[in-house]
Amino acid sequence: MVQLGLLIAGMFLLQAVLSMLQMRHFSREFMKLRRRGKVACGRQAGGFHAGAIVMFLLDENGVIQEGKKLFGVTCFARVTELPGFEGKYVGGLTEEDLPKHGRNLRKAILDARNSYNKFISGEEIPQPPSPFQWVGRTLAGRT
């Protein structure tokens, strides 16, 4: 029984370390884009499906210069290029502009569009609840 507990604790520790490495990689990629200009980000949690984070490097008019994505289920997912958006206005992206695969990737792109439009109009961009906040609100009957 003790061995099983140690195995589970070891697996949690390994997952935490791998997740930390993934976030460091993401942070480096974000900072590379940020040094070059404004960046619009969008995200969509995956749960048991592939989650997605997108980043668009923008010019001064909100036109996309470069796109990158972090898309996957595991902590082994890495930031990769997101081609096909160069020259498009981020605030005007529509369903027709989105790739045909990855529902959460599509939602993350639309989240980047919405966040950009809120930022431009001066609205506050709400932060989604953490998993712990979500569970707490659900158990308390508040959604």
Provide the closest heavy-atom pair for [X] versus [Y] in the form atom of the first, atom of the second, distance.
{"X": "Arg78", "Y": "Gln22", "answer": "NH1-CA, 3.4 Å"}
{"X": "Tyr116", "Y": "Ala40", "answer": "CB-CB, 4.5 Å"}
{"X": "Val54", "Y": "Ala112", "answer": "CG2-CB, 4.0 Å"}
{"X": "Val79", "Y": "His25", "answer": "N-NE2, 3.2 Å"}
{"X": "Phe71", "Y": "Gly102", "answer": "CZ-CA, 3.9 Å"}

Please answer: with hydrophobic residues joined when any side-chain heavy atoms are less than 4.5 Å apart, are [X] and [Y] in the same cluster?
{"X": "Phe85", "Y": "Leu105", "result": "yes"}
{"X": "Met20", "Y": "Leu18", "result": "no"}
{"X": "Ile120", "Y": "Leu93", "result": "yes"}

- [ ] Decide if atom CZ of Phe26 counts as having more than 12 heavy atoms of other residues, nucleotides or ligands within a radius under 6.0 Å.
- [x]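 Yes, the 6.0 Å shell around CZ holds more than 12 heavy atoms from other groups.
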
Task: Pair listing, salt bridge (Lys or Arg N to Asp or Glu O under 4.0 Å) test, anchored in residues 88-97, at least two apart - done: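 Residue pairs with at least one partner in residues 88-97: Lys88-Asp97, Glu95-Arg106.
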
Hey, could you give me the [atom1]/[atom2] distance between [X] and [Y], rounded to the nearest 0.5 Å?
{"X": "Glu81", "Y": "Lys69", "atom1": "CD", "atom2": "NZ", "value": "9.5 Å"}
{"X": "Asp111", "Y": "Ile53", "atom1": "CG", "atom2": "CD1", "value": "10.5 Å"}
{"X": "Lys107", "Y": "Ile109", "atom1": "NZ", "atom2": "CD1", "value": "13.0 Å"}
{"X": "Leu6", "Y": "Leu13", "atom1": "CG", "atom2": "CG", "value": "11.5 Å"}

TODO: Answer yes or no: is there a donor N or O on one side and an acceptor on the other, between the side chain of Asn104 and the main chain of Gly51, under 3.5 Å?
DONE: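 Judged by distance alone, no pair lies under 3.5 Å.
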
TODO: Determine yes or no for a side-chain-to-main-chain donor-acceptor pair under 3.5 angstrom, with Asn114 supplying the side chain and Leu110 the backbone.
DONE: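 The answer is yes, because a donor-acceptor pair under 3.5 Å joins these two groups.
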
TODO: Please report the C-alpha distance between Met23 and Leu70 in whole Å, then the side-chain angles of each, then the deciding distance to 0.1 Å, and finally whether the side chain to side chain contact (heavy atoms under 4.5 Å, CB included) criterion is met.
DONE: CA-CA 10 Å; Met23 285 295 97; Leu70 177 64; 4.1 Å; yes

Task: For Glu86, all residues meeting side-chain hydrogen bond (donor to acceptor under 3.5 Å, both in side chains), sequence neighbours excluded - done: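 For Glu86 there are no side-chain hydrogen bond (donor to acceptor under 3.5 Å, both in side chains) partners, ignoring immediate neighbours.
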
Please tabulate, for the side chains in residues 55-67, all donor-acceptor contacts under 3.5 angstrom to protein atoms that are two or more places apart in sequence or on a different chain.
unit_1, atom_1, unit_2, atom_2, d
Asp59, OD1, Asn61, N, 2.8
Asp59, OD1, Gly62, N, 3.1
Asp59, OD1, Val63, N, 2.9
Asp59, OD2, Gln65, NE2, 3.4
Gln65, NE2, Val63, O, 3.2
Glu66, OE1, Arg36, NH1, 2.7
Glu66, OE1, Arg36, NH2, 2.9

